[in-house]
2 protein chains.
Amino acid sequence: MADPIYWTIAQELREQIEGGDLGPGDQLPTELELRRTYNASRNTIRDAVKWLTTRGLVQTKPGQGTFVAQQFKPFVTTLSADRDTGLGGGEGYGAFAEVSERGLTPSASVPRVEVLIAPSYIAERLRIAEGTQVITRRQERFINKMPWSVQITAYPMELIQKGAVDLLMAQDIPGGAVAYLQRTLGLEEVGHRDRILVRAPGQDEARFFKLPDDGRVSVVSVIRTGYRDSDEGPIPFRATFTVFPADRNQFVTNSGTFPRELARAASDQYYTAPTDGEDGELDGPDGAAEADGSQPEDSGAG
Amino acid sequence: MADPIYWTIAQELREQIEGGDLGPGDQLPTELELRRTYNASRNTIRDAVKWLTTRGLVQTKPGQGTFVAQQFKPFVTTLSADRDTGLGGGEGYGAFAEVSERGLTPSASVPRVEVLIAPSYIAERLRIAEGTQVITRRQERFINKMPWSVQITAYPMELIQKGAVDLLMAQDIPGGAVAYLQRTLGLEEVGHRDRILVRAPGQDEARFFKLPDDGRVSVVSVIRTGYRDSDEGPIPFRATFTVFPADRNQFVTNSGTFPRELARAASDQYYTAPTDGEDGELDGPDGAAEADGSQPEDSGAG
DNA sequence: GCAAATTTGTTCGTATGTATT
DNA sequence: CAATACATACGAACAAATTTG
């Protein structure tokens, strides 16, 4: 009887959810009912439910009840560009084509264009002096009306002076801004560099993505720096910051040659990762059970 | 006075932490002290502290107190391979070279080799029949004795029959297994495909990485399928599953040409992502404040 | 539109158990 | 062993949100 009561109750409820007795959207018994069922105080019941909500298994709605959380079929974004089609690459335009093929309906907000003094995180990416002016284009994207990503791209001001005036238009650029720069200025993106990190959502992000306000669900931040050629080698000409909720997105990058049929439609093959078993008995990459006492040995690239 | 008391207290403590009044490792006032300070009941104080722990800001230790959480300087893994050096690619060997250059001491467990009937998630990756035998090599990696990643690679059994017998040895393969297959069988990895996803850690993973047992901190799962050439085009010959704790890792992928000086030492330029401000006043990619009522408009690739 | 019933959210109080120093 | 500090558990009351009559 070493296990806390609230924990035991939480496990029983978890098994009912994962076992399928309670499907997504179903209502759990109310606190009063649970209290009778388990012969525990209301606070103990609430601790058990709290355990479930913290893990995202259930969702409580004041005045209504507690419900089993819906889970999304994750959407897959291909980060590496497809050399042939030029699509993919996690850009809005290419990714949207993938979405359409999957029978989902993508949509996007009207771009919000801003000219601002480059803050440090933009200046560093574009390798310009902090305080230089930059253009930023901000767009929110949706899949089936569900918020999917927020993207901000920053360009140096000189691109406007050279003639890429559409960057200042608060409207979609057909084919994407990179293609536009190519055909307008002959500016070619010869390469890019993505940085991927996982962090807690900010308050506004949590609100936009309708994430629980306790920071349980992370967001994936993809920071892309696009490079063009110059006499001194590749130099950055754009920095794109895209934020995705981690609970409904996966990412793919390709390198070298690989089966062609995988190049597109990554979205269709979403993947459920093997997890080591909650009960330590599943078949996944398991076996760290003895990890506590084991000491690492030096080996390899020492 | 619309805000709950526990929330208000939590915000005050958060500001003290983020403002630097309380540094990493510092002890918070005890529950009893906080109770006097804020003139609230112990349960209310505990709710406030719970709010902080859920977000990973503080850590409670029974019998000792509550402490401001340490935060790691994230380690950066380059996922895309460097064509020149052949390093990088998130593989143990290449990544370890990066770590060494940074002045950290990497180490790894002795590989655990297993021959097993391929479960579905491996069979799908290697495109073999479920139930076929595969070799798996499992290794735990550490940086400065801190658990950093768990990696499992699966190979089809036929590689052994063709002569790559070292795959069965429970010891490090100098230069990595891919290089070994190259020089032993002439098997070249012509490309690979990474799938990146974020999920809650399993129980064993949480224990190994010393993550809080409530699933707050996610893990990043990187699934790499390596391809070799054949008459029928590229076919997979290995599947590598690597799991990293999301709170101390970032990832980089390169594509096309980009500045050479960024190819290596990605670890040195870790990146703090811009977040929209908790108080809605920071300079980051902000402005979703009005998101609640805004309707998406159809545009772009519709 | 209003009132009642239902359900979760917050806050207080108190007691006991467990881990650490 | 004793003191300290967090963990669990009970009970009670009122507030806020939602649905229903």
Side-chain angles (χ1 to χ4, degrees), chain A residues 1-14 17 22 25-69 206-207 210 212-216 292, chain B residues 1-14 17 22 25-69 206-207 210 212-216 292:
Chain A
M1 197 53 179
D3 290 334
I5 297 174
Y6 81 92
W7 192 85
T8 311
I9 297 173
Q11 298 317 306
E12 280 198 36
L13 292 171
R14 178 176 66 80
I17 292 168
L22 289 166
D26 284 1
Q27 181 171 7
L28 261 69
T30 67
E31 291 176 350
L32 190 62
E33 290 171 315
L34 289 172
R35 190 178 159 170
R36 279 196 292 261
T37 304
Y38 293 102
N39 196 34
S41 80
R42 190 178 161 222
N43 281 339
T44 303
I45 295 297
R46 282 180 61 75
D47 280 347
V49 174
K50 181 104 180 170
W51 191 94
L52 296 168
T53 54
T54 302
R55 269 144 252 257
L57 290 169
V58 302
Q59 204 176 349
T60 60
K61 298 182 185 176
Q64 298 184 59
T66 305
F67 302 86
V68 178
R207 194 162 38 223
K210 299 190 189 352
D213 67 350
D214 60 1
R216 275 195 335 265
D292 230 0
Chain B
M1 195 55 178
D3 290 335
I5 297 174
Y6 80 92
W7 193 85
T8 310
I9 297 174
Q11 298 318 305
E12 280 200 38
L13 291 172
R14 178 176 66 79
I17 293 168
L22 289 165
D26 283 1
Q27 180 171 7
L28 261 68
T30 66
E31 290 178 349
L32 188 62
E33 288 170 317
L34 289 172
R35 190 176 160 171
R36 278 195 293 260
T37 303
Y38 293 101
N39 197 32
S41 80
R42 197 183 154 222
N43 280 342
T44 303
I45 295 297
R46 281 180 61 74
D47 282 345
V49 174
K50 180 102 180 172
W51 191 94
L52 295 169
T53 54
T54 302
R55 268 145 252 255
L57 289 170
V58 303
Q59 206 176 347
T60 59
K61 297 181 186 175
Q64 298 181 56
T66 305
F67 302 86
V68 178
R207 194 161 37 223
K210 301 191 188 351
D213 65 352
D214 59 3
R216 281 194 328 267
D292 231 0

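Each chain gets a letter, A, B and so on, in the order its sequence line appears, and its residues count up from 1.
Atom CG in A:N39 sits about 12 Å away from atom C1' in D:dC10, given to the nearest Å. One atom, CD of A:Q64, and another, P of D:dA16, lie 18 Å apart when rounded to the nearest Å. As a whole-Å value, the separation of A:I9 CD1 from D:dC10 P is 8 Å. Regarding A:Q27, its CD atom lies at a distance of 14 Å from the P atom of C:dT6, rounded to whole Å. Regarding B:Y38, its OH atom lies at a distance of 17 Å from the C1' atom of C:dT11, rounded to whole Å. What separates CD1 of A:I45 from P of D:dG11 is a distance of 11 Å, to the nearest Å. Per the geometry, CD belonging to A:E31 stands 15 Å off C1' belonging to D:dG11, to the nearest Å. Between A:F67 atom CZ and D:dT18 atom C1' the separation is 10 Å, expressed in whole Å.
Of the candidates D:dC6, C:dT20, C:dT11, the closest approach to any side-chain atom of B:R46 belongs to D:dC6. Candidate nucleotides C:dA19, D:dA5, D:dC10 were compared by shortest atom distance to the side chain of B:P62, and C:dA19 ranks first. Closest to the side chain of A:T44, from the set C:dT11, D:dC6, D:dA9, is D:dA9. Distance from the side chain of B:N43 is smallest for D:dA9 among the nucleotides C:dT21, D:dA9, D:dT18. With C:dT20, D:dT8, C:dT7 as the choices, the nucleotide that has an atom nearest any side-chain atom of A:Y6 turns out to be D:dT8. In this structure, of C:dT10, D:dA7, D:dG11, it is D:dG11 that holds the atom nearest to the side chain of A:R35. Candidate nucleotides C:dC12, D:dC10, D:dA7 were compared by shortest atom distance to the side chain of B:S41, and C:dC12 ranks first.
The minimum heavy-atom distance between B:L57 and B:R14, with the atom names listed, is CD1-CG, 3.9 Å. Here the closest non-hydrogen pair linking A:I9 and A:A40 is CD1-CB, 4.2 Å. Of all the heavy atoms in B:A69 and B:G56, the pair that sits closest is CB-O, 3.3 Å.
A donor N or O paired with an acceptor N or O is not found under 3.5 Å between the base of D:dA5 and the side-chain atoms of B:R42.
Contact check, A:T60 against C:dG9: a side-chain N or O comes under 4.0 Å of OP1 or OP2. Taking side-chain N and O atoms only, B:T66 has a distance below 4.0 Å to OP1 or OP2 of D:dC6.
Atom-to-atom distance recorded for A:N43:CG and A:Y6:OH is 13.5 Å, nearest 0.5 angstrom.
Summary of the strand contacts: A:G63 and A:W7 both lie near DNA chain D, and taking for each the nucleotide with the nearest heavy atom, the more 5' one is attributed to A:W7.
Side chain of A:Q27 to backbone of A:Q64: a donor-acceptor contact under 3.5 angstrom is found.
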